[in-house]
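Only one structure is covered here, and it is reproduced in the block below.
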Amino acid sequence: MTITIIGHGYVGIVAACVFADFGNTVYVIGHTPAKLERLRGGDPLIYEPGLAEMLKRNNTAGRLTFTTEYSEALKHSSIVFICVGTPPTPGTGEADLTTVFKVSETIGQNLNPDTFTVVSCKSTVPVGTNMKVKEIIESQLSKRLSAQHAPLNAIFSVASCPEFLREGTGIHDTLNPDRIVIGAEDQTSIDMLMELHKPFPGERVVTNIPSAELIKYASNSLLATKLSFANMIALFAEKLGADAPQVLRAVGMDHRIGPKNLDVSIGYGGACFPKDVQALTATGNQCGVNVSLLNAVEQVNELSWKNYADKVKKCAPIKLSTSPCLAVWGLAFKANTDDIRFAPAVKIVTELAKSGYKLKVYDPAAMENVRKQIGDIIEYFDKQYDVVTGADALCILTEWNEFRQADLAKIKSLLKMPLIIDGRNLYDPSKMKELGFTYVSTGRKTTT
Ligand SMILES: NC(=O)c1ccc[n+]([C@@H]2O[C@H](COP(=O)([O-])OP(=O)(O)OC[C@H]3O[C@@H](n4cnc5c(N)ncnc54)[C@H](O)[C@@H]3O)[C@@H](O)[C@H]2O)c1
């Protein structure tokens with residue numbers, strides 16, 4: 001099939017490469033020529049494991065075309081996926097749909113009226129958005145077409161096809177989806193989307209458009225709820241002397257609950273959970289649904305990173321004359337990504353820097369993005385042990401694999417005090433005690 005993908009961020013470029021890998025011809029529409037040139041040259045612009053190889057392979061095979069030109073792409077495409085950002089609106093938390101609507105207008109101005117096209121949002125959008133996209137395209141098409149032309153429903157249709165990939169495992173998730181959700185109003189669109197997804201495993205859920213749109217928000221909100229629940233149990237455990245990871249492991253053994261997304265942490269972040277919980281909250285407020293559960297999920301998430309920052313302030317207090325120097329490992333919102341949107345680690349380092357701490361930071365992929373966002377209030381290092389040298393304590397904020405089996409004896413010899421404050425529970429407390437560390441972890445007793 002020939003398809004068009006609008007937007008080449010974490011969702012767009014992964015989807016483009018995976019569909020191209022199955023032999024489809026894929027046009028990728030962007031709006032910055034310099035970025036499109038880099039994509040043509042094989043630079044995926046984002047860090048996602050395995051993506052650069054897949055991009056190069058499909059560029060070489062000639063299956064990917066990067067362009068700013070809608071007319072050329074839409075002339076050949078039977079399916080168009082909108083994959084642009086839908087960030088939260090400051091203040092209300094509503095999904096900002098400006099870009100979705102802007103690209104819809106351009107789709108309407110360029111859609112090929114002589115063949116049937118399905119236009120589908122892979123972007124996460126509130127219920128009603130795909131129908132609004134339909135209205136926008138219709139209004140543009142009606143301006144272009146003569147009265148004799150085929151009816152608009154013979155030219156295009158909209159469908160909702162939400163995306164469920166996780167950053168860091170985006171290619172794996174796209175190739176191995178748990179489910180493919182198709183929300184549509186007509187059988188032709190369903191058949192075309194089913195055909196495109198034929199090579200993929202996973203359940204198929206065919207439903208109406210509002211249900212497909214809501215499935216995405218319900219999924220992300222429930223995942224965020226599980227994470228906040230785990231972090232609330234961590235707060236209980238810290239007060240009561242329990243071990244939260246053990247508690248949650250046992251809780252997750254109940255098949256009705258399941259073991260996934262019950263990890264304690266410094267809070268969830270990234271481009272999805274925070275904004276999607278906020279957007280569903282805004283929708284609830286608009287349509288009169290009580291959203292106290294969602295409000296609580298967000299509040300616990302805020303408490304989680306603040307609780308970590310408070311622990312640092314307690315364990316490595318600023319004295320009248322000296323500011324402790326903290327080594328920081330990890331800034332990305334989770335491992336295997338360079339994404340720092342809503343990253344709790346960035347909130348923590350910003351808070352600690354403002355409070356007067358000196359911070360030396362290392363992250364394998366996210367430092368450039370952090371530098372752009374918060375500048376030089378912290379000091380950036382290219383090597384993980386360089387930040388530790390001479391620091392008063394080591395703070396672990398992202399669960400990158402390279403931290404899991406770090407040389408603990410080396411860390412101890414480089415630190416001024418043998419103090420590790422671990423927001424991701426990477427180490428065994430009894431081993432840390434044996435090695436002579438004061439080890440402050442999350443939802444567990446401090447060992448010393
Ligand atoms: N990142 C994820 O893990 C994930 C997972 C599932 C769903 N989603 C949803 O998918 C959508 C995109 O997320 P993302 O993380 O890929 O965002 P992103 O910010 O990484 O990418 C957005 C892309 O849109 C492009 N864009 C912006 N304005 C444009 C325009 N006028 N014309 C063409 N392109 C334009 C940007 O250049 C960028 O390539 C969001 O709604 C998000 O909630 C994201």
Side-chain angles (χ1 to χ4, degrees), residues 1-9 11-12 15-16 19-20 24-33 35-36 39 63-86 95-162 182-196 208-210 212-213:
M1 288 174 106
T2 299
I3 66 170
T4 288
I5 290 195
I6 303 174
H8 47 69
V11 168
F19 284 128
N24 296 292
T25 300
V26 183
Y27 286 86
V28 179
I29 295 185
H31 62 143
T32 314
K35 287 189 181 172
L36 296 171
L39 287 160
R63 290 189 286 259
L64 285 169
T65 303
F66 296 96
T67 178
T68 53
E69 293 303 320
Y70 281 66
S71 54
E72 175 64 10
L74 299 189
K75 187 158 71 188
H76 305 288
S77 297
S78 51
I79 297 177
V80 176
F81 287 117
I82 298 176
C83 301
V84 299
T86 49
D96 179 346
L97 299 172
T98 313
T99 313
V100 171
F101 293 153
K102 196 169 142 198
V103 304
S104 304
E105 216 172 279
T106 320
I107 293 171
Q109 288 156 1
N110 291 279
L111 202 66
N112 179 0
D114 301 322
T115 56
F116 185 79
T117 309
V118 185
V119 179
S120 170
C121 281
K122 265 198 181 295
S123 298
T124 303
V125 292
V127 174
T129 306
N130 279 284
M131 293 317 281
K132 182 83 184 130
V133 166
K134 187 178 179 188
E135 278 170 32
I136 294 171
I137 297 173
E138 272 174 359
S139 109
Q140 292 300 325
L141 271 176
S142 352
K143 285 184 202 162
R144 290 167 52 203
L145 300 178
S146 66
Q148 296 84 13
H149 212 284
L152 294 182
N153 66 1
I155 296 175
F156 87 104
S157 178
V158 293
S160 166
C161 212
I182 297 171
E185 292 184 304
D186 61 291
Q187 194 56 44
T188 313
S189 302
I190 295 168
D191 292 345
M192 285 164 69
L193 286 163
M194 286 289 236
E195 178 63 25
L196 179 67
N208 64 18
I209 294 176
E213 290 168 330

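Everything numeric here is computed off the predicted structure, so don't read it as measured data.
Checked by atom type and distance alone, the side chain of Thr86 never pairs as donor or acceptor with a backbone atom of Ala95 at under 3.5 Å. Here the side chain of Glu185 pairs no donor or acceptor atom with the backbone of Ser157 at under 3.5 angstrom. Within the 3.5 Å criterion, the main-chain N or O of Val26 finds no donor-acceptor partner in the side chain of Asn24.
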Report task. Dump the intermediate steps for side chain to side chain contact (heavy atoms under 4.5 Å, CB included) on Ile137 and Lys134, then the final yes or no. Result -> CA-CA 5 Å; Ile137 297 173; Lys134 187 178 179 188; over 6 Å; no
Requested in this report: Run the numbers on Ile79 and Phe19 for side chain to side chain contact (heavy atoms under 4.5 Å, CB included), then give the verdict.
Outcome: CA-CA 12 Å; Ile79 297 177; Phe19 284 128; over 6 Å; no
Query raised in the report: For Val133 and Ile107, what are the C-alpha separation, side-chain angles and deciding distance, and is it a side chain to side chain contact (heavy atoms under 4.5 Å, CB included)?
Result: CA-CA 10 Å; Val133 166; Ile107 293 171; 5.8 Å; no
Query raised in the report: How far apart are the C-alpha atoms of Lys75 and Glu69, what are their side-chain angles, what is the distance that settles it, and do they pass the side chain to side chain contact (heavy atoms under 4.5 Å, CB included) test?
Result: CA-CA 10 Å; Lys75 187 158 71 188; Glu69 293 303 320; over 6 Å; no
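With rounding to the nearest 0.5 Å, the separation of SG in Cys161 from CD1 in Ile209 is 11.0 Å. Put simply, CD1 on Ile182 and CG on Leu193 are 5.0 Å apart, with the number rounded to the nearest 0.5 Å. Distance check, rounded to the nearest 0.5 Å: CG of Asp191 to CE of Met194 gives 8.0 Å. To the nearest 0.5 Å, atoms CD1 (Ile6) and CD1 (Ile29) are separated by 4.5 Å. Atom CG of Asn130 is separated from atom CD of Glu213 by 4.5 Å, given to the nearest 0.5 angstrom. We find the CZ-CG distance between Phe156 and Asn112 to be 13.5 Å, quoted to the nearest 0.5 Å.
A pairwise comparison of heavy atoms in Ala150 and Ile155 identifies O-CD1, 3.9 Å as the closest pair. When every heavy atom of Ile82 is checked against every heavy atom of Ser104, the shortest pair comes out as CD1-OG, 3.9 Å. Closest of all the heavy-atom pairs between Lys122 and Cys83 is CB-SG, 3.8 Å. Contact detail for Ser160 and Ala212: the closest heavy-atom pair is OG-CB, 3.4 Å. When every heavy atom of Ser71 is checked against every heavy atom of Asn110, the shortest pair comes out as CB-OD1, 3.6 Å. Among all heavy-atom pairs drawn from Ile3 and Ser77, the shortest one is C-OG, 3.4 Å.
Put simply, the side chain of Gln109 reaches to within 4.5 Å of the side chain of Thr106, judged on heavy atoms. Contact check for Thr4 versus Tyr70: no side-chain heavy atoms found under the 4.5 Å cut-off. At a threshold of 4.5 Å between non-hydrogen side-chain atoms, the residues Glu72 and Thr67 do not count as touching. Contact check for Leu97 versus Pro126: side-chain heavy atoms found under the 4.5 Å cut-off. Here the side chains of Arg63 and Thr2 are not in contact, with every heavy-atom distance at 4.5 Å or above. Ser78 has its side chain out of reach of Thr117: every pair of non-hydrogen atoms, C-beta onward, lies at least 4.5 Å apart. A heavy-atom distance below 4.5 Å is not found between the side chains of Val80 and Tyr27. At least one side-chain heavy atom of Leu39 sits under 4.5 Å from a side-chain heavy atom of His8.
Residues Lys102 and Glu105 are not paired through a salt bridge, judged by the lack of any N-O separation under 4.0 Å between the basic side chain and the carboxylate.
Applying the salt bridge (charged side-chain N to carboxylate O under 4.0 Å, His left out) definition to pairs two or more places apart or across chains, none involves residues 142-156.
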